[in-house]
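Following: one structure in structure tokens, then a few remarks.
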Amino acid sequence: MAIQKPSIPKGTRDFSTDEMLKRDYIFETVKSVFRKYGYLPIETPAMENLSSLLGKYGEEGDKLLFKVLNSGDFLSKTDENILQEKNSIKLTNQISEKGLRYDLTVPFARYVVQHRNDINFPFKRYQIQPVWRADRPQKGRYREFFQCDVDVIGSNSLLNEYELLQIIDEVFIKLDLNIEIKLNNRKILSGIAEFIGHQDKIIDITVAIDKLDKIGLEKVNEELLTKGLPQEAIEKLQPIILLKGTNLEKLAKLKEVLKTSEIGLKGIEEIEQVLDYLNVKQIKADLELDLTLARGLNYYTGAIIEVKSKDVSIGSICGGGRYDDLTGIFGLDDVSGVGVSFGADRIYDVIFQLNKFPENSENSSKVLFLNLGNQEEKYILPILSKIRELQINAEIYPENAKMKKQMAYADKKNIAYVVIIGENEIKENKLTLKNMNSGEQKMLNQNELIDFLGKEFIN
RNA sequence: GUGAAUGUAGCUCAGUUGGUUAGAGCAUCGGUUUGUGGUACCGAGGGUCGCGGGUUCGACCCCCGUCUUUCACCCCA
């Protein structure tokens, strides 16, 4: 068999030990915060039925779904006409009925409906799993990446929105990252579309004004025009797009402009309510009301939340919102949910660039016993067990290799202490402890070693 | 899906207008030191120059195709 170059698919990555320790640090941090607020973990399969996934993320999203080929000789069962037609979409429907999950929210909605009788509502869950998108990879964008989702489902209360903002704040404080939270409300966007008389164009409008920062006002207006919005509607939109000032000032102006729109006013009221909660108990992060925040996903119905790093430009590192009807498509109506998703991979990139990861040596073994032979191994094993019983990470080098090699191993693994036990030590019933930082070494007996390590590594 | 750049040792990169045996640093392994790592010195292994085709007496170098990686657009975490 020909030897092949080892490789992995485009946009996927291996995570080596050093990276995994860093990734675990992120996962452990978010988990600890999620749990503190009463969220519990679930997991769902990597694959969902394609019918659960298709149509949930818009036309663009459907294209980005990874589809899994049916097993067996599926082509022989396929309609001859469809094969002849060479229409990929039609053919896909015939030969693929499963797909890799695109996010965690839709599978969660499916999960909620499927398990509705066992769930204790309002249901607060978190979920940390990989998702897949057949996107073209680039900076901060992968084909396989991890999301850390927290959602409450079965509660309309805006206390949930407030709580999620607190969670976001706390997570990023713990990770020591400066962030800016952007807040919007889909109902306000609907109100705006209503106000200019083009409710059908709400997606085009929001997508276009979302680009304001990037391409500028003129290009936004151009894009709106090409999307079929009449000039007068665009005129009407200008004061809204260019809204400036503090959050309260923006809200005041909006209230004026949208006074005839019931839904628009409802959106404003919702934001005010959330801001009101935040007045009672403030958060550290900057929070900005941002009408240009649209987010592509069309299932948001209320709050829209997005978080950006203030120090590294990498797109959003966390995002989410409220969705009223997501379970509806799976047959369960009137269940509203709200949640956000932390993008673990981008957060990793940000922390890495800012050099804010804690030292990995914390996780490495604290003690390595050199292996100088069979007799010595047997002498070591009971001591090693005692140390491990103290919850101190320790290991014995598994081979009687050259000392140089064993020392180099300890060095590379950042192990703080090496214990050397050879003939001499056994004869005297002692051991040699070497501090790998200073190079100092001294002879101790077993109890002295245990005492020493206890003092050193147990607070 | 659109546009651009890129690919030489495990990694980071040199490589003359196209010329015969493709180099360096780091890493690996061995030695200086059979009981001492991180520093030093000596040495060794490791390459179908992304892949396929073409031009040429001759291609790492030029041309075409293809794949990879990267960047931007679309979209998104």
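Per chain, numbering begins at 1; letters A, B, ... match sequence-line order.
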Name the pairing partner of [N], where a pair is Watson-Crick or G-U wobble with both distances under 3.5 Å, or state none.
N      : value
B/rU21 : none
B/rC41 : B/rG31
B/rU56 : none
B/rC73 : B/rG1
B/rG65 : B/rC51

*Could you go through the ring pair (Phe, Tyr, Trp, His ring centres under 6.0 Å) check for A/Y126 and A/F34 one step at a time?*
CA-CA 7 Å; A/Y126 70 83; A/F34 294 166; 5.5 Å; yes
Under 4.0 Å, heavy atoms only, any strand: does [X] hit a base, just the sugar-phosphate, or nothing?
X      : value
A/E144 : nothing
A/K63  : nothing
A/G11  : sugar-phosphate
A/F146 : nothing
A/Q138 : base
A/A408 : sugar-phosphate
A/I317 : sugar-phosphate
A/N424 : base

Find the distance [X]:[atom1] to [N]:[atom2] and express it as a whole number of Å.
X      : N      : atom1 : atom2 : result
A/K10  : B/rG50 : NZ    : C1'   : 14 Å
A/K405 : B/rC29 : NZ    : C1'   : 9 Å
A/R101 : B/rC76 : CZ    : P     : 20 Å
A/R143 : B/rU70 : CZ    : C1'   : 14 Å
A/K139 : B/rA77 : NZ    : C1'   : 15 Å
A/I314 : B/rC71 : CD1   : C1'   : 14 Å
A/Q441 : B/rG37 : CD    : P     : 11 Å
A/Y142 : B/rC75 : OH    : P     : 21 Å

Can you say whether a donor on the side chain of [X] sits under 3.5 Å from an acceptor on the base of [N], or the other way round?
X      : N      : answer
A/Q406 : B/rG35 : no
A/R136 : B/rU69 : no
A/R133 : B/rC75 : no
A/D411 : B/rG37 : yes

*Could you label the plane-to-plane angle of the A/F457 and A/Y417 rings as parallel, tilted or perpendicular, counting under 30° as parallel and over 60° as perpendicular?*
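Correct class here is perpendicular.
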*Any idea how A/Y397 and A/Y409 line up, ring-wise: parallel (<30°), tilted (30 to 60°), or perpendicular (>60°)?*
perpendicular
Are [X] and [N] close enough that a side-chain N or O sits under 4.0 Å from OP1 or OP2?
X      : N      : value
A/K434 : B/rU36 : no
A/K404 : B/rG31 : no
A/K412 : B/rU28 : yes

*Could you tell me whether the side-chain ring of A/F342 sits stacked on the base of B/rA77, using a centroid cut-off under 5.5 Å and a plane angle under 30°?*
no
*Between A/D169 (side chain) and A/I283 (backbone), is there a donor-acceptor pair under 3.5 Å?*
no
If you take all heavy atoms of [X] and [Y], which pair is closest and at what distance?
X      : Y      : answer
A/D324 : A/K187 : OD2-NZ, 4.4 Å
A/G55  : A/D62  : N-OD1, 2.9 Å
A/N185 : A/T301 : OD1-O, 4.3 Å

_Test log, rule side chain to side chain donor-acceptor pair (under 3.5 Å), inputs A/Y37 and A/E170_ = CA-CA 11 Å; A/Y37 286 79; A/E170 192 166 335; 2.8 Å; yes
*Starting from the 5' end of RNA chain B, give me the residue, A/G315 or A/P9, whose nearest nucleotide shows up first.*
A/P9
*Could you say whether A/G61 or A/N435 is positioned toward the 5' end of RNA chain B, judged by the nucleotide with the nearest heavy atom to each?*
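The 5'-side residue here is A/N435.
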Gap in Å between the two [atom1] atoms, one belonging to [N] and one to [M], rounded:
N      : M      : atom1 : result
B/rG15 : B/rU20 : C1'   : 16 Å
B/rU66 : B/rU6  : C1'   : 15 Å
B/rA22 : B/rC61 : C1'   : 12 Å
B/rC13 : B/rG31 : P     : 33 Å
B/rA40 : B/rC26 : P     : 8 Å
B/rA5  : B/rA77 : C1'   : 26 Å
B/rC71 : B/rG10 : C1'   : 26 Å
B/rU48 : B/rG52 : C1'   : 13 Å

*Taking atom types as modelled, find out whether A/D311 and A/N178 have a side-chain donor-acceptor pair closer than 3.5 angstrom.*
yes
*Report yes if the side chains of A/D345 and A/F146 come closer than 4.5 Å at any heavy-atom pair, otherwise no.*
yes
*How many angstroms lie between CG in A/N221 and CD in A/Q238, if you round to the nearest 0.5 Å?*
4.0 Å
*asked:* Please pick, from B/rG37, B/rG35, B/rC71, the nucleotide with the shortest atom-to-atom distance to any side-chain atom of A/M436.
replied: B/rG37
*asked:* Among residues 30-44 of chain A, which ones have heavy-atom contacts with RNA chain B below 4.0 Å?
replied: none
